[in-house]
Asks: 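Mind looking over this structure? Questions follow.
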Amino acid sequence: MTSFLSGLNPEQLEAVTLPYQSALILAGAGSGKTRVLTTRIAYLIQSGQVSPNGILAVTFTNKAAREMIVRIAAMLPINTRGMWIGTFHGLCHRMLRAHYQEAGLPKTFQILDMGDQQALIKRLVKDLAVDEKALPPRQIQWFINHAKEEGQRTAHVNAYDSFTRKMLECYRVYETVCMREGIVDFAELLLRCYELLTDNIILRNHYCDRFSHILVDEFQDTNRLQYRWLKLLAGVGSAKPAAVFAVGDDDQSIYAFRGAYTGNMQEFERDFAAPKIIKLEQNYRSHGNILAAANALIAHNRGRLGKNLWTAEGRGEPVRVYNAMTDIEEATFIVDEIKALHADGVALSDIALLYRSNAQSRVLEHSLFNAALSYRVYGGMRFFERQEIKHALAYLRLIAHPDDDQALLRVINFPSRGIGVRSLEQLQDAAALHQTSLWAAALNKCGGEATTISDETKAKKGLPNFVALIMTMQRACADLPLPEIIHHVLVHSGLLSHYGTEREGAERLENLNELINAATSFVHEAEDDSLVAFLSHASLEGGEHQADNYEDALQLMTVHAAKGLEFHSVFLSGLEEGLFPHENSRNEADGLEEERRLMYVAATRARRRLYLSFSQSRLLHGQTRYNVPSRFIKEIPDDLLKWLQPRAKVNSGSYHVGSEQAGFSKGTSQWNQPATGMEAAGRLTSAPFEGSGWRIGQNVSHAKFGTGVIINYEGQGTDMRIQVQFNRAGTKWLLLEYAKLTPLQ
DNA sequence: TTCCTTGTCGCCCGG
DNA sequence: CGACAAGGAA
């Protein structure tokens with residue numbers, strides 16, 4: 001039975017075999033954290049201390065949850081279904097579905113993702129006639145989520161100033177609408193579940209009795225509400241509290257900006273009466289120099305719980321540093337280096353190219369593309385967030401739950417069926433008047449009329465047509481299996497034919513087809529294969545469709561996205577003040593320290609080779625910026641670094657002439673002046689267009705608009721139109737024949 | 001109503 | 001620079 005215990009180091013073994021008690025495991029990067037967690041679960045079950053039903057394990061990502069299940073299944077020949085393993089949100093969702101009545105939710109309640117939530121708030125802001133400039137929807141969204149993550153309902157928020165009062169007003173209205181429409185956002189899943197367990201003693205006792213062992217991954221990322229939820233579920237203070245096994249690393253806490261509270265780690269010991277803190281400090285991933293660099297860097301942070309990683313491996317290679325003139329040259333260097341590594345036998349998929357913010361990826365991608373290196377960018381648009389998928393899901397949501405205004409607004413006129421802003425306004429007024437959902441208002445308006453419409457009466461237009469469509473779908477789909485429901489909806493909504501005729505529609509059609517495939521595999525895997533369950537799955541999972549590509553490709557991602565991963569070689573680009581550490585971190589308390597932890601996470605991703613690079617100039621947001629090297633480079637001892645020189649001749653020749661000059665000439669724009677006529681002309685170079693007698697860059701005068709410069713033209717002969725940028729009147733297209741322009745100079 | 005031009009604004013990101 | 005929203009013209 002101890003087979004899976006062999007190979008553990010003493011600290012790991014101690015953690016895995018702890019007696020029935022709460023414990024905090026400080027697990028450094030690459031110290032075998034996941035192995036300890038999964039082995040602990042296997043050990044508890046194998047030794048008969050708990051049945052699978054008594055286990056609850058919580059993670060932050062679906063990926064981590066899946067990995068945990070797979071690894072446990074590999075160790076134990078048992079059905080993992082009995083255990084509750086999932087994300088905080090997934091587990092809360094599960095409880096709310098099981099007890100929707102006690103939680104005061106409709107049976108078919110739907111989950112809002114971030115995009116849905118933002119759209120809803122925008123809609124409300126419009127209705128409230130609030131000034132969007134003074135109260136940006138993004139900020140309102142942040143306010144609401146933040147309040148909920150602190151466990152605060154509208155009644156609990158202190159609003160002393162007018163700004164907060166306005167925010168609070170939005171929060172109130174938002175809550176009312178969510179209740180009426182039966183929708184729930186991510187933070188609400190947690191808060192609602194927390195309140196359910198607080199208010200309902202019978203339920204709470206049931207779950208407290210059931211889960212005797214609770215295991216938490218990435219504990220440093222928990223927010224205050226999650227912490228309280230854990231306390232409640234563990235029955236802290238009761239006669240027999242659960243044993244909570246919390247694994248985390250304060251040095252890798254990089255989500256403070258979304259509510260993670262590292263104080264949870266300090267308070268855990270006291271609140272959960274945990275007699276034991278175990279440190280896992282042996283690193284099995286990186287060579288010595290890389291670890292030494294990471295340790296030296298993170299030592300600059302204060303208030304750490306204290307931990308120093310070491311390795312039994314040798315020192316390995318030094319950390320390489322490259323100083324580039326421009327961002328383009330930096331990219332060229334990285335590409336050359338990756339080619340060399342690849343030629344030496346390192347798989348592309350074992351090399352990561354990391355950056356602080358997504359905006360940096362463009363230049364890098366450009367160079368990779370030109371060098372014909374295959375690469376894969378993580379963190380872009382996710383499957384269930386695509387426009388066409390959102391539209392399809394909206395129809396599905398209406399079938400399951402027609403009071404969902406959000407979904408209705410999304411597709412009431414898509415594909416267009418003649419319901420314009422006017423009819424929509426009337427509908428919204430009617431709904432507001434009776435305090436009902438739009439759907440109810442629509443039914444009211446159409447009376448019994450709509451229900452009698454059969455398929456032949458296509459002549460009917462507008463609202464009645466839409467109402468009939470949804471009702472027909474509801475009837476038709478009542479007894480169909482999920483994939484067929486989706487197929488039916490795609491056909492009858494007109495989405496398929498709409499995208500079939502659109503010029504860029506081929507990929508969208510493919511995605512819609514993929515949606516049916518996703519539903520098919522969902523039906524096979526999930527216990528509950530209903531439409532409502534699938535919709536929840538779509539919101540909670542977001543769809544990480546990245547495992548399907550097995551081509552050997554370089555990995556591009558942000559440092560945040562790289563957490564938890566490891567690679568043979570890691571390139572960390574853009575190590576410049578203002579970029580990394582990011583300038584926005586200057587205003588935040590603990591901002592710099594969080595940036596340093598981010599850097600620590602980045603460095604500890606590398607097994608064998610770590611490259612740090614920075615550039616003296618960089619084009620960002622359409623402006624060339626001149627940066628100084630990141631302080632983080634200076635925080636690494638010199639004897640661990642190896643400064644690389646720019647490659648000689650062939651390469652340097654091309655980038656010095658090309659990009660450096662471009663960088664400096666564009667540098668004039670740093671004064672932020674609007675482009676003058678001369679500049680515009682200079683960029684395009686004077687180009688006469690045939691037979692007209694005019695040329696681009698020509699200064700001209702117009703009777704009404706004043707003076708300006710020709711910047712473009714189209715057509716020919718009497719149809720020729722020219723575009724003139726006037727000094728006062730802006731840019732205009734004019735028919736050359738009638739414009740009566742006077743040439744100047 | 002749709003298409004196209006014009007203006008604004010921008011960080012990191014899981015569920 | 002680009003994505004996206006808002007407003008004007010056909």
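Each chain gets a letter, A, B and so on, in the order the sequences are listed, and its residues count up from 1. What you are looking at is a predicted structure, and each value in this text was computed from that prediction instead of being measured.
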Asks: To the nearest Å, give me how far apart NE2 (A:H366) and P (C:dG2) are.
Replies: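 Whole-Å distance recorded here is 10 Å.
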
Asks: For A:R597, which of A:D221, A:D251, A:D249, A:D590 qualifies under salt bridge (Lys or Arg N to Asp or Glu O under 4.0 Å)?
Replies: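 The residue from A:D221, A:D251, A:D249, A:D590 that satisfies salt bridge (Lys or Arg N to Asp or Glu O under 4.0 Å) with A:R597 turns out to be A:D590.
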
Asks: To the nearest angstrom, how far is A:Y261 atom OH from B:dG14 atom P?
Replies: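 Spelled out: OH on A:Y261 to P on B:dG14 is 25 Å.
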
Asks: Once you round it to whole Å, what is the distance between P of B:dG14 and NZ of A:K63?
Replies: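 A:K63 atom NZ is separated from B:dG14 atom P by 11 Å.
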
Asks: Look at the side-chain N and O atoms of A:N62 and state whether any lies under 4.0 Å from the OP1 or OP2 oxygen of B:dG14.
Replies: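 It does not, given that no N or O in the side chain of A:N62 lies less than 4.0 Å from OP1 or OP2 of B:dG14.
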
Asks: Output the rounded distance in Å from CZ (A:R625) to P (C:dC1).
Replies: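 Rounded to whole Å, this separation is 17 Å.
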
Asks: Sequence neighbours left out, what passes ring pair (Phe, Tyr, Trp, His ring centres under 6.0 Å) with A:H89? Give chain and number order.
Replies: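 Partners of A:H89 by the ring pair (Phe, Tyr, Trp, His ring centres under 6.0 Å) criterion, ordered by chain and then number, come out as A:F186.
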
Asks: Expressed in angstrom and rounded to an integer, what is the separation of A:N145 atom CG from B:dG15 atom C1'?
Replies: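 So the two atoms are 11 Å apart, to the nearest Å.
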
Asks: Tabulate protein N/O versus nucleotide N/O from nucleotides 1-3 of chain B, keeping only pairs under 3.5 Å, one per line.
Replies:
residue, atom, partner, partner atom, Å
B:dT1, OP1, A:G420, N, 2.8
B:dT2, OP1, A:S416, OG, 3.2

Asks: Using the test side-chain contact (heavy atoms from CB on, under 4.5 Å), find all partners of A:N223 that sit at least two apart in sequence or belong to another chain.
Replies: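 In terms of side-chain contact (heavy atoms from CB on, under 4.5 Å), with neighbours along the sequence ignored, A:N223 is linked to A:E149, A:L225, A:Q226.
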
Asks: Give a yes or no on whether a salt bridge exists between A:K148 and A:E195, defined as a side-chain N under 4.0 angstrom from a carboxylate O.
Replies: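 No, A:K148 and A:E195 are not salt-bridged.
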
Asks: CG of A:L620 versus P of B:dC9: gap in Å, rounded?
Replies: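 Answer to the nearest Å: 17 Å.
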
Asks: Rounding to an integer number of Å, can you tell me how far A:R618 CZ sits from C:dC1 C1'?
Replies: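 To the nearest whole Å, that distance equals 14 Å.
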
Asks: Any side-chain N or O of A:R362 below 4.0 angstrom from OP1/OP2 of C:dC1?
Replies: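 A:R362 to C:dC1 OP1/OP2: no side-chain N or O under 4.0 Å.
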
Asks: Does this structure show an ion pair linking A:D528 with A:R97, if we count only N-O contacts that are shorter than 4.0 Å?
Replies: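 Between A:R97 and A:D528 there is no salt bridge, as every charged N stays at least 4.0 Å from the carboxylate O atoms.
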
Asks: At under 4.0 Å between heavy atoms, what does A:F60 touch on the DNA or RNA strands: base, sugar-phosphate, or nothing?
Replies: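 If one applies the 4.0 Å heavy-atom cut-off, A:F60 turns out to touch the sugar-phosphate alone, with no base involved.
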
Asks: Using a 3.5 Å limit for the pairing distances, which stems of at least 3 consecutive Watson-Crick or G-U wobble pairs does DNA chain C take part in?
Replies: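 Stem list for DNA chain C: B:1-10 with C:1-10.
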
Asks: Starting from P on B:dG14, measure out to CG on A:D185 and report it in whole angstrom.
Replies: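 From A:D185 CG to B:dG14 P: 17 Å.
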
Asks: Taking only residues two or more places apart in sequence, or in another chain, which ones meet A:H146 in a ring pair (Phe, Tyr, Trp, His ring centres under 6.0 Å)?
Replies: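 Testing A:H146 for ring pair (Phe, Tyr, Trp, His ring centres under 6.0 Å), a comparison that skips the adjacent residues, returns A:W142.
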
Asks: So, are A:R382 and A:E541 salt-bridged, with charged N and O less than 4.0 Å apart?
Replies: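 No salt bridge links A:R382 with A:E541.
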
Asks: What verdict does the salt bridge (charged side-chain N to carboxylate O under 4.0 Å, His left out) test give for A:K390 and A:E385, after you've listed the backbone C-alpha separation in whole Å, the side-chain angles of each residue and the deciding distance to 0.1 Å?
Replies: CA-CA 6 Å; A:K390 280 282 190 190; A:E385 284 170 357; over 6 Å; no

Asks: Might you work through the salt bridge (charged side-chain N to carboxylate O under 4.0 Å, His left out) test for A:E330 and A:R618, ending with a clear yes or no?
Replies: CA-CA 10 Å; A:E330 183 191 29; A:R618 176 179 300 277; 2.9 Å; yes

Asks: Is the A:Y261-A:Y227 ring centre distance short of 6.0 angstrom?
Replies: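 Here the rings of A:Y227 and A:Y261 have centres that are no less than 6.0 Å from each other.
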
Asks: Taking N or O atoms only and anything under 3.5 Å, show me the protein contacts with nucleotides 11-13 of chain B, one pair per line.
Replies:
residue, atom, partner, partner atom, Å
B:dC11, O4', A:H582, NE2, 3.4
B:dC11, N3, A:N584, ND2, 3.4
B:dC11, N4, A:N584, ND2, 3.3
B:dC12, OP1, A:N358, N, 2.7
B:dC12, O4', A:R356, NH1, 3.0
B:dC12, O2, A:R356, NH2, 3.3
B:dC13, OP1, A:N358, ND2, 3.4
B:dC13, OP1, A:T558, OG1, 2.9

Asks: Inspect the contact between A:R631 and A:E595 and indicate whether a charged nitrogen and a carboxylate oxygen are less than 4.0 angstrom apart.
Replies: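 So A:E595 does not pair with A:R631 through a salt bridge.
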
Asks: Between A:F257 and A:H560, how do the two ring planes meet: parallel, tilted or perpendicular, split at 30° and 60°?
Replies: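 Because their plane-to-plane angle is over 60°, the rings of A:F257 and A:H560 count as perpendicular.
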
Asks: Could you tell me whether A:E149 contacts a base, only the sugar-phosphate backbone, or nothing, with contacts defined as non-hydrogen atoms closer than 4.0 Å?
Replies: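 Base, at least one base heavy atom under 4.0 Å.
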
